[in-house]
Each structure stands twice: as C-alpha cells, then as structure tokens.
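Okay, so here's the structure we're looking at.
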Amino acid sequence: MSRLRKVCRFLHRELGFLAVGMTLVYAVSGVAVNHNEDWNPSYERTVTTWTITSPGHGPTEEIAPAILAQLDLDEPVRNVWRATPNTVRVIVPSGTIDVDLLTGRVRADRLRPRPLLRELNFLHLNHSKGAWTWIADAYALILVILALSGIVLVKGRLGLAGRGGVWLAVGVLLPVVWAAVNLYL
Amino acid sequence: MRLISVTLSLASLALLAACGGADSAKQQPVAGKIYGAGVSAADTVLVSELLANADRFLGETVRVQGPIVNLCKHRGCWLDIASDKEMQTIQLKVEDNEIVFPPELVGETAIVEGVLEGIPLTYEQACAYLESEAKCQGESFDPASVPAEGIIFYRIQGTGAVILAATGN
C-alpha cells in the first residue's frame, strides 16, 4: 500500500502541475459556456441605430458611395450587398450595417470578441479540431489519473476511511442522483 | 519512480509534437482557410443557376462561391452566400459543433460545398422557422414577407468550406 501511495503521490504532484493551465482553460470557459442561453460567451454584441439622409433607390453601385460617405466608417468595407429592394447591407470586419433606403434608418449589428474568453472558449469547444482533440483527450486522461491518485494520498481519519470517504461519496452521488432523477423519475 | 518520470517526459514530448502539428488552416488545392472537409467538387456553380434549376441539383454535391453576407451569430452553424444576382442567397448549413464559422467571417468570400436539399415549408412552418432565426439573430421578422402558399427552403447541407481573402480590404 505504501508503494502504491508513493506512486500516486508522485503522479499527483507531477501531473497536477502539468494540468494547471488546462484546468484553468476548461474551468473558466466551462462557466462561460454553461450560460450560453443567457449570453454569447465569446462575443459582445452591440446594436446601434441612427438615421441618415435617404440615399434613394438607385442601383447599388450608384447609391453605395453616398451611403458610405454618410456612414463615415472607421474600419474598411468588405462588401456592400443589396439585401432587399429597400435594404443595403454594408459589411465591415466588426459586423453588418443595414441601411433602409426608404427611411434612411441605419442599424449596425457589431460583435466584438470578449478578451480572453473568446480564446478560452475556442480551446474548450475544440473549434480548431485536429491535434487539439488529442491534447484535450490527454488532458482528460490526466484528470482521471489525478482523481484516482488523489483518493489514496491521505491516510487515517482524513483519508478514504474517514472524512475523505464521505466527500468522495458525496461527489459521486451528486451526479448519479441528479442524472437518475432527471432521466428516469 | 524513474521509469514513471521518463514515461511522463516522453508523453509530454509527444503532446508537444502534436501541438506543433495543430493548424486549423490546412492548405489544399483551393488556397485559403479550410473548414470541415474543405472543397473537392470540380466545378463551381453560380448560385443563381443553382436556385433556378434547383430540381436538377437536388441531392447532388454542389460547390458555390460568393461573399458571406450573414451567418449564425450564436453557434456559427450556418452562413448565407450571396448570389451573383442581387437579393438572392443560398444558405450553407453544417452540423452543430462539427464546423463552427466565427462571426469574423462575415464579408469574406467563401467557396462552400455540400449536398443541395429542398425543404418544403407551409406558411406556418416558414413563419415559425424564419421568426426563430430572426430572433436568434436579434433581427425583426415580417410574416408578410412569406408567401401564403409557403416556400421550399433550399439550402446546402455543408461538408466544408474554404474562406478566401477579404474582397474589400
């Protein structure tokens, strides 16, 4: 037992240090994406409206310069697209700006990446695929080793046979009971 | 213990090697950033031709090219490619989380590929679908824009895309 404990302590210590960075990535992003029904965890969205002088209904290439001059954008224009007979969409790197040709009403819908969160979510949700899939798998394996090796680290009344065992049972029962109640009852 | 230490070191090296190979912007014959399986079909079809002859292309793998004028801001699971004709688009839908298009792509030119499908929607179904999409996008929806007889919603069930350089920069 003491040899097993020695090996577990070694694994727990070494892999514990190795896992710190990844754990922070997954923990912080986990909270962020857990609430994605309430907010966009990676981007901050701003919608602004204002009015310009109606540019008329001419062909898009004719009215586009007048529209762009009035919008006075501080970022490059990627595209100008006629979405409907009465709507021109100006596309810029930060989003889209729709101009109502009848009323001159402008609606800018812009997304700005949330600093750090966008990168953490990109990693957590594995948007890049490829080798990151294997890295994330390796991290998951490390978590398993950390969890199992941690069980036997402490002896005595604070360990598995005492308070540690109680916490272990609570930690195992919580997801089991939740899943059972919500799936089968 | 030394054996475990060596094993851990080797595992770390393997991971680092894997990191070196990580690159989502793989290169293939069409230069650009690749999403999903990229594109492999030989010919590009004009969106206007595709929509005008949708029955002929249904169930076929098609490849179209054009600027991205709209995309799913919430999950990045679809994007709209502008047609060569004004006021006309075709949607590329991909499996959620299989391919994720970031919102920064709007305005970029894309070559996309997938199977053309036509989904018949009654007036009520079309309204429900378009209203839900508009809500998701934070946009308004006008039921009067939907024909009373319903619509056939044509879209490409996408397998991949290649994003070319921005056109307007």
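Within every chain, numbering begins at 1; the chains are lettered A, B, ... in the order of the sequence lines, protein sequences first and strands thereafter.
Nearest heavy-atom pair across A/R118 and B/P102 is NH2-CB, 4.3 Å. Summarising the geometry of B/E104 relative to A/P113, their closest heavy-atom pair is OE2-CG, 3.8 Å, with the distance given to 0.1 Å. Considering all non-hydrogen atoms of both residues, B/P103 and A/L111 come closest at CB-CD1, 3.3 Å. Between B/G107 and A/N79, the closest heavy-atom pair is O-ND2, 4.1 Å. Shortest non-hydrogen contact noted between A/T96 and B/V69 is CG2-O, 4.4 Å.
Among the candidates B/V106, B/I99, B/N70, the residue making the largest number of heavy-atom pairs closer than 4.5 Å to chain A is B/V106. Between chain B and the options A/T133, A/V47, A/T60, A/N126, the largest number of non-hydrogen pairs under 4.5 Å is found for A/T60.
Remark: A/W50 CH2 is packed, more than 12 non-hydrogen atoms of other residues, nucleotides or ligands lying under 6.0 Å away. Within a 6.0 Å sphere centred on CD of B/E95, heavy atoms belonging to other residues, nucleotides or ligands number 12 at most. Counting heavy atoms of neighbouring residues, nucleotides and ligands inside a 6.0 Å radius, atom CZ of A/R13 exceeds 12 of them. In the displayed structure, B/R155 atom CZ is contacted under 6.0 Å by more than 12 heavy atoms of other residues, nucleotides or ligands.
The distance from the OH atom of B/Y35 to the NZ atom of A/K129 is 12.5 Å, given to the nearest 0.5 Å. Rounded to the nearest 0.5 Å, atoms CG (A/N36) and NE2 (B/H74) are 5.0 Å apart.
At a 4.5 Å heavy-atom cutoff, the contact between A/R89 and chain B is made by side-chain atoms alone. Residue B/V100 touches chain A through its side chain alone, counting heavy-atom pairs closer than 4.5 Å. Contact annotation for A/V80: neither backbone nor side-chain heavy atoms come within less than 4.5 Å of a heavy atom of chain B. B/L105 touches chain A through its backbone: at least one of N, CA, C or O sits under 4.5 Å from a heavy atom, while the side chain does not.
The main-chain N or O of B/K73 is found under 3.5 Å from a side-chain atom of A/N40 such that the two form a donor-acceptor pair.
Under the 4.5 Å side-chain criterion, counting only non-hydrogen atoms from C-beta, A/W81 is in contact with B/T89. Side-chain contact check for A/L125 versus B/N97: every heavy-atom pair is 4.5 Å or farther apart.
Cluster annotation: B/Y154 is connected to B/V112 through the hydrophobic network of ILVMFWY side chains, with a link wherever side-chain heavy atoms come within less than 4.5 Å. The hydrophobic cluster containing B/L51 does not contain B/L46, counting ILVMFWY residues as joined when their side-chain heavy atoms lie under 4.5 angstrom apart, directly or transitively. Cluster membership for B/V64 and B/V115, using ILVMFWY side-chain heavy atoms within less than 4.5 angstrom, is not shared. Follow the hydrophobic side-chain contacts under 4.5 Å out from A/V154 and you never reach A/L4; the two are in separate clusters. A/F122 and A/M22 fall within the same hydrophobic cluster, defined by Ile, Leu, Val, Met, Phe, Trp and Tyr side-chain heavy atoms under 4.5 Å apart, directly or through other members.
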